[in-house]
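To start, the structure itself, in C-alpha cells.
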Amino acid sequence: MSTRIAFLKGHGTENDFVIIPDPENAIELSPAAVAALCDRRAGIGGDGVLHVVRSAAHPEAGAMAAEAEWFMDYRNGDGSVAEMCGNGTRVFARYLQRAGHAGEGDLAIATRGGVKSVHIAKDGDITVGMGSARLPEGDVTVSVGDRSWPARNVNMGNPHAVAFVDDLAHAGDLLSAPPVSPASAYPDGVNVEFVVDRGPGHVALRVHERGSGETRSCGTGACAVAVAAARRDGVEPALTGTPATYRVDVPGGTLVITERPDGGIEMTGPAVIVAEGEIDTEWLENATR
C-alpha cells in the first residue's frame, strides 16, 4: 500500500460518499477502514464508500465485465457491504465522467444488485435504471415508541419497509433502527422509509438506512416509496400501459422516479463532486487498530 490513497468526496441529494478510485482492486478496505473514513469527526465523513474498481479485477464482478467496465463496490458507513445504492450510482457515474472514463450519454455500471444502465444528461442530471421492484407477500409493521404502522415490503435489490405516516416527525430521531416485525421478513436488516403526501404524485420521506442511520437521501428508498405510493394509489403501470412518475422529496433535495409499464424503474437527480485529496495511510492504519 502506498503512503497516500487518492480520494474524492461527492454527494447525490446530500447522500454523501467517500470515493476511492482503485481500478486494479489493489486497496484492501476492511470494515474498520471504511468506518474510519466515514467518521464525520475523526475521518473524512460520509454515508458510505464508493470503491471504484474495474469489473474484471474484482471477484464479485468478473462475470459482469463484458457488460460493464466498472464495478461499484459499495460499503455502508459502518463498513458492511451493500447490494446497491441508488444515489451512490449517480455519484459513481459523475466520478467516471470527471475522470474521463465516461462522457455524456449512456453507460453501464456493475453493482452487487446487477448491471445498472445510467444516462448522463447535458443538463447535468443523471438517470439510473434501477431495475424492477419486487413486492414480497406478507404483512409488515414498523414501530417508533408507542406508535406503529403497516408497511409495504419492497425490494429494490436491497430491502425496504415503507410506512405512510401523518407527520414525518413521527419517525422520531432515527438514531437507531426502527423495529420492524416480523423480523423474518428481513433476515439481513432493512431500510425503513417514513412517508407523507405533499400532493398528487408528490411525496416526502425520511429514511433510516441499515448500516448508516438516518441519511439525507436514499435512492433505492425513493424508488421503493414511489412504487409503494403508486400501489396505494391504485396505479400499476404494467396493467395500464402508462408510466407512473412521482416526485420524491428527501431531506437533501428532490428525486424524480418513473416506473415504466415493463416494470423498469428510473431515478433522476443531481450528483456533485465537491472535493478531492489524499488519505494518509498511517492515519488509516492507526484508526483501524
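Sequence positions, counted from 1, serve as the residue numbers for this chain. All values reported here derive from a predicted model rather than from experimental measurement. Side-chain atoms are counted along with the backbone in the values below, which use heavy atoms only and exclude waters and symmetry mates.
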_Could you measure the distance from the CD1 atom of Ile19 to the CZ atom of Phe92? Nearest 0.5 Å is fine._
9.0 Å
*Is Arg54 reaching over with its side chain to a backbone N or O of Glu24, donor-acceptor style, under 3.5 angstrom?*
no
*Run the salt-bridge test on Asp167 and Arg147 with the 4.0 Å N-O cut-off and return the result as yes or no.*
no
*Check side-chain contact (heavy atoms from CB on, under 4.5 Å) between Thr254 and all other residues, then give those that pass, not counting sequence neighbours.*
Arg247, Asp249
*Residue pairs fulfilling ring-ring contact (aromatic ring centres under 6.0 Å, His included) with at least one residue in residues 98-131, sequence neighbours excluded*: Trp70-His101
_Measuring from atom CZ of Arg134 to atom CG of Asn155, what distance do you get when rounded to the nearest 0.5 angstrom?_
4.0 Å
Please table the atom pairs, donor to acceptor, closer than 3.5 Å between any side-chain atom in residues 139-146 and protein atoms at least two apart or in another chain.
none

_Residues forming a side-chain contact (heavy atoms from CB on, under 4.5 Å) with Glu67, sequence neighbours excluded_ = Val115
*Determine whether Glu259 and Glu236 make a side-chain contact, defined as any pair of heavy atoms from C-beta on separated by less than 4.5 Å.*
no
*Applying the 4.5 Å side-chain criterion to the ILVMFWY set and letting contacts propagate, would Leu8 and Val34 be lumped into a single cluster?*
no
*asked:* With clusters defined by side-chain heavy atoms of hydrophobic residues (ILVMFWY) lying less than 4.5 Å apart, directly or transitively, does Phe7 cluster with Leu96?
replied: no
*Tell me the side chain to side chain donor-acceptor pair (under 3.5 Å) pairs involving residues 217-227, sequence neighbours left out?*
Thr13-Ser217, Asn87-Ser217, Asn158-Thr220, His160-Thr220
*Sequence neighbours excluded, which residues qualify as side-chain hydrogen bond (donor to acceptor under 3.5 Å, both in side chains) partners of Arg206?*
Glu214
*Can you tell me how far the CE atom of Met84 sits from the CE atom of Met156, to the nearest 0.5 Å?*
7.5 Å
*Is the backbone of Ala271 close enough, under 3.5 Å, to the side chain of Arg94 for a donor and an acceptor to pair up by distance?*
yes
*asked:* I'd like to check Val235 versus Thr240 (side-chain heavy atoms, cut-off strictly below 4.5 Å). Are they in contact?
replied: no
*CD1/Ile257 to OG1/Thr127 distance, rounded to the nearest 0.5 angstrom?*
9.5 Å
*Where at least one partner belongs to residues 108-117, residue pairs that pass side chain to side chain donor-acceptor pair (under 3.5 Å), sequence neighbours excluded*: Glu60-Arg112, Asp73-Arg112
*Chi angles and distances behind the side chain to side chain contact (heavy atoms under 4.5 Å, CB included) call for Arg90, Leu255*: CA-CA 12 Å; Arg90 294 202 320 280; Leu255 296 167; 3.6 Å; yes
*Heavy atoms, side chains only, cut-off 4.5 Å: are Leu135 and Val154 in contact?*
yes
*Please name all residues satisfying ring pair (Phe, Tyr, Trp, His ring centres under 6.0 Å) with Tyr95, sequence neighbours left out, ordered by chain then number.*
none
*Could you pull out the closest heavy-atom pair between Pro23 and Ala57, with the gap in Å?*
O-CB, 3.7 Å
*For Asp22, side-chain contact (heavy atoms from CB on, under 4.5 Å) partners two or more places apart*: Asn25, Ala26, Ile27, His51
*Are the side chains of Phe194 and Leu174 in touch, meaning some heavy atoms are under 4.5 Å apart?*
yes
*Measure the shortest side-chain to side-chain distance between Arg210 and Tyr186 over non-hydrogen atoms and say whether it is less than 4.5 angstrom.*
no
*Would you sort out whether Arg4 and Asp280 count as a side chain to side chain contact (heavy atoms under 4.5 Å, CB included), showing the intermediate values?*
CA-CA 5 Å; Arg4 293 289 189 272; Asp280 186 321; 3.7 Å; yes
*Say whether Val165 and Val207 are linked into one hydrophobic cluster, either directly or through other cluster members, by side-chain heavy-atom distances under 4.5 angstrom.*
no
*Any pair with a residue in residues 239-289 that passes ring-ring contact (aromatic ring centres under 6.0 Å, His included), sequence neighbours left out, goes on the list, sorted by first then second residue, please.*
none
_Side chains of Tyr74 and Asn76, heavy atoms from C-beta outward: is any pair under 4.5 Å?_
yes
*Looking at residues at least two apart in the chain, or sitting in another chain, which of them share a side-chain contact (heavy atoms from CB on, under 4.5 Å) with Ala33?*
Ser30, Leu284, Thr288
*Might you point out which heavy atoms bring Ser55 and Ala68 nearest each other, and give the distance in Å?*
OG-O, 2.8 Å
*Can you name the closest pair of heavy atoms from Gly264 and Asp262 and give their distance?*
N-OD1, 2.9 Å
*Which distance, rounded to the nearest 0.5 Å, do you find between the CG of Leu50 and the CD1 of Ile109?*
9.5 Å
*State, yes or no, whether a side-chain contact exists between Asp188 and Pro159 at a heavy-atom distance under 4.5 Å.*
no
*Going hydrophobic residue to hydrophobic residue with side-chain gaps under 4.5 angstrom, can you get from Val52 over to Met72?*
yes
Scan the side chains in residues 41-48 for donor-acceptor partners under 3.5 Å anywhere in the protein, sequence neighbours excluded, and list what turns up.
| unit_1 | atom_1 | unit_2 | atom_2 | d |
| --- | --- | --- | --- | --- |
| Asp47 | OD1 | Arg40 | NH2 | 3.0 |
| Asp47 | OD2 | Asn15 | ND2 | 2.8 |
| Asp47 | OD2 | Asp16 | N | 3.2 |

*asked:* Main chain of Val250, side chain of Arg216: is a donor-acceptor contact present, judged purely on distance under 3.5 Å?
replied: no
*Flag yes if Val192 and Val227 sit in one hydrophobic cluster, no otherwise; membership is Ile, Leu, Val, Met, Phe, Trp, Tyr, and two members link when side-chain heavy atoms are under 4.5 Å apart.*
no
_Exam field: side chain Arg75 to backbone Leu29, donor-acceptor pair closer than 3.5 Å_ = yes
*asked:* How close do Trp149 and Ala163 get, counting heavy atoms only, and between which atoms?
replied: CB-CB, 4.1 Å
*Nearest atoms (heavy-atom pairs only) where Gly103 meets Ile120*: O-CD1, 3.7 Å
*asked:* So which atom in Ser212 and which in Gly77 form the shortest heavy-atom distance, rounded to 0.1 Å?
replied: OG-N, 3.4 Å
*If you measure from CG on Leu168 to CD on Glu193, what distance do you get to the nearest 0.5 Å?*
12.0 Å
*Could you tell me whether the side chain of Ile279 reaches within less than 4.5 Å of the side chain of Ile20, counting heavy atoms only?*
yes
